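Scroll down for the structure; my scribbles are underneath it.
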Amino acid sequence: MTDMSYFAAGGLSSVGTPTLWAVTIVGVLALLVLDFLVTRRPHEVSIREALGWSAFYIALPLAFGGWVWYRFGSQQGVEYLTGYLVEKSLSVDNLFVFMLLLAAFAVPAVLAQRVLLYGIAGALVLRAVFIALGAAALQTLDFAFLIFAIILIATAVKLLRDALSGHEQEVDINKMRSVRLLRRFMPVVEEYHGTRMTVRQHGRRALTPFALVVVAVLATDIVFAVDSVPAVYGITEDPYLVFATNAFALLGLRALYFVLHAALSRLVHLSYGLAIILAFIGVKLGLHWAHGIWPGVPEIPTLASLGVIIGVLVVVTLTSLRATRDREPGDAEVVVDKH
């Protein structure tokens, strides 16, 4: 083991020593507990409060990235920052889906951040599982990078097809499998009872709408992890950096949701940008896999990837704002079907 890298079992090179892993996991759990304490009393989130927490959750991962750069070198520093940018970009798209779910379930404003926090906690667990599975695949399967590339390109094609179709995004509660499954086993009351998941009604235990929306958010976390984890593995093969980028991107979602809530509906070209980014990383992974078989095949440097990702995000943000310059803030083009 050197100051630059730690070689984990199975041959994967990682900067994550057992001590660094332990400290990071404890730190992530401490931040998650802090968020639960902050939201223990349901309340509407002011823009000032959301901006304050957002600033904290942006400064913290950037400071951590600076430490990674200083401690392990520029290569690891660029990989971390690029991976974090990719994860943060994908998380903005995830927030739009969360916005649809909260609207579909008519979640009271005072309960919104607690719903998001349950979703973040579930996403952290799921990402950890997917990261471990991804690391195991990279250790045992010679074509793991090719599989990841196919997943990302297929996701990019789906995003692009959905964007080009022009269909409004729709959430139909009664068609969600998670909701239908819960309703099959337990009755559901119509009213929210704070953050309570269940209440006793007519002598039997029943679920609240709060429980349904939490389960729905957790179910979407699984879908998000399928493209999120391969995407960051396309930037770095280090499981520790993959975990750190995912954790920091997720922890700031609660506050970021309330900052971007009005602006989300204006990012009409975000899907195009994410499709380009995922396809680009998919090609990068494919070239990396091919390079291992045919050394003459070129690879895309991580620094070049960072430039492409930043460029795409800047372009789609500017074109989105220009395309929606006459739209009133908060006018989302969504369809919510509660029937």
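When reading the values below, keep in mind they use all heavy atoms of this one structure, side chains included, and skip hydrogens, waters and symmetry mates. Predicted, not measured: the structure shown is a model, and the values here were computed from it.
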If you look only at pairs with a residue in residues 51-63, which of them pass as a side-chain hydrogen bond (donor to acceptor under 3.5 Å, both in side chains), with sequence neighbours excluded? Asp35-Tyr57
hydrophobic_cluster_shared for Val157 and Leu152, side chain cutoff 4.5 Å: no
For Glu44, the side chain to side chain donor-acceptor pair (under 3.5 Å) test, sequence neighbours excluded, returns none
Non-hydrogen side-chain atoms of Leu116 and Phe98 separated by less than 4.5 Å: yes
Minimal non-hydrogen separation, Val268 against Ala323, with atom names: CG2-CB, 4.3 Å
Checking Thr39 now: which residues fulfil side chain to side chain donor-acceptor pair (under 3.5 Å) with it, not counting sequence neighbours? Arg114
Is the backbone of Leu37 close enough, under 3.5 Å, to the side chain of Arg40 for a donor and an acceptor to pair up by distance? yes
Find out if a path of hydrophobic residues (ILVMFWY) with successive side-chain heavy-atom gaps under 4.5 Å connects Leu34 to Ile58. yes
State the CZ-OG distance between Arg161 and Ser271, to the nearest 0.5 angstrom. 13.0 Å
Could you tell me whether the side chain of Lys284 and the main chain of Gly234 form a donor-acceptor pair under 3.5 Å? yes
From Arg127 CZ over to Leu250 CG, what is the distance, rounded to the nearest 0.5 angstrom? 4.5 Å
Got a second to check how far Tyr233's OH is from Ser228's OG, nearest 0.5 Å? 11.5 Å
Suppose we screen for side chain to side chain contact (heavy atoms under 4.5 Å, CB included). Which residues come up paired with Met186, at least two apart in sequence or across chains? Arg205, Leu207
Side-chain heavy atoms under 4.5 angstrom apart, residues restricted to Ile, Leu, Val, Met, Phe, Trp, Tyr: same cluster for Val129 and Val229? no
Could you check Met197 against Phe210 for side chain to side chain contact (heavy atoms under 4.5 Å, CB included), going step by step and ending with a plain yes or no? CA-CA 6 Å; Met197 297 278 192; Phe210 184 84; 3.8 Å; yes
Keeping to residues at least two apart or across chains, list the ring pair (Phe, Tyr, Trp, His ring centres under 6.0 Å) pairs with something in residues 276-326. Phe145-His288
Residue pairs passing the side-chain hydrogen bond (donor to acceptor under 3.5 Å, both in side chains) test where at least one lies in residues 101-113, sequence neighbours excluded: His43-Gln113, Gln113-Arg254
Can you name the residues that form a side chain to side chain contact (heavy atoms under 4.5 Å, CB included) with Glu190, not counting sequence neighbours? none
Looking only at non-hydrogen atoms, find the nearest pair between Leu287 and Pro298 and report the distance. CB-O, 3.5 Å
Note, Val213 side chain near Leu111 side chain (heavy atom, < 4.5 Å): no
Could you tell me if the side chain of Thr208 sits less than 4.5 Å from the side chain of Val188, heavy atoms only? no
Which heavy atom of Pro239 sits nearest a heavy atom of Ile131, and at what distance? O-CG2, 4.0 Å
With a 4.5 Å cut-off on side-chain heavy atoms, are Leu278 and Ile153 touching? no
For residues Val115 and Val189: do they belong to one hydrophobic cluster (side chain heavy atoms under 4.5 Å, members Ile, Leu, Val, Met, Phe, Trp, Tyr)? no
Test side chain to side chain contact (heavy atoms under 4.5 Å, CB included) on Tyr257 and Val45 and set out the steps. CA-CA 10 Å; Tyr257 174 87; Val45 180; over 6 Å; no
With side chain to side chain contact (heavy atoms under 4.5 Å, CB included) as the test, would you mind laying out the steps for Leu164 and Leu160 before giving the verdict? CA-CA 6 Å; Leu164 290 173; Leu160 186 59; 3.9 Å; yes
With Leu313 via side chain to side chain contact (heavy atoms under 4.5 Å, CB included) - residues at least two apart: Leu85, Ser89, Ile277, Ile309
Here the gap from Thr82 atom OG1 to Glu87 atom CD, rounded to the nearest 0.5 Å, amounts to 12.0 Å
Which atom pair, heavy atoms only, marks the closest approach of Ala231 to Leu90? CB-CD1, 4.2 Å
Counting C-beta onward and ignoring hydrogens, is there a side-chain heavy-atom pair between Val199 and Glu191 closer than 4.5 Å? no
Counting C-beta onward and ignoring hydrogens, is there a side-chain heavy-atom pair between Val86 and Val232 closer than 4.5 Å? no
Say whether Thr24 and Tyr240, considering side chains only, have a donor N or O and an acceptor N or O under 3.5 Å apart. yes
When rounded to the nearest 0.5 Å, the distance separating CG of Leu60 from CG of Leu251 is 8.5 Å
Is Thr302 close to Leu306 at the side-chain level, that is, under 4.5 Å between some pair of heavy atoms? no
Only one of Tyr84, Phe56, Phe64 clears ring pair (Phe, Tyr, Trp, His ring centres under 6.0 Å) with Phe248; which? Phe64
Residues passing the side chain to side chain contact (heavy atoms under 4.5 Å, CB included) test with Ala279, sequence neighbours excluded, are Ala156
Kindly determine whether Tyr80 and Trp69 satisfy ring pair (Phe, Tyr, Trp, His ring centres under 6.0 Å), including the steps that lead there. CA-CA 9 Å; Tyr80 167 81; Trp69 193 304; over 10 Å; no
Would you check if Leu81 and Val68 make a side-chain contact, meaning some heavy-atom pair closer than 4.5 Å? no
Indicate, with yes or no, if Val125 and Leu117 share a hydrophobic cluster defined by side-chain heavy-atom contacts under 4.5 Å among Ile, Leu, Val, Met, Phe, Trp and Tyr. no
To the nearest 0.5 Å, what is the distance between CG on Leu253 and CD1 on Ile120? 5.0 Å
Tell me which donor-acceptor pairs under 3.5 Å the side chains of residues 99-106 have, and how far apart each pair is, sequence neighbours excluded?
none

Minimum-distance pair of heavy atoms, taken over all atoms of Thr324 and Ser320: OG1-O, 2.8 Å
Tightest non-hydrogen contact, residues Tyr192 and Pro209, listed as CZ-CB, 3.5 Å
Let me see the working for Leu159 and Tyr272 under side chain to side chain contact (heavy atoms under 4.5 Å, CB included), right down to the final yes or no. CA-CA 7 Å; Leu159 277 175; Tyr272 294 101; over 6 Å; no
All side chain to side chain donor-acceptor pair (under 3.5 Å) counterparts of Thr236, not counting sequence neighbours: Glu79
Which residues pass the side chain to side chain donor-acceptor pair (under 3.5 Å) test with Thr319, not counting sequence neighbours? His269
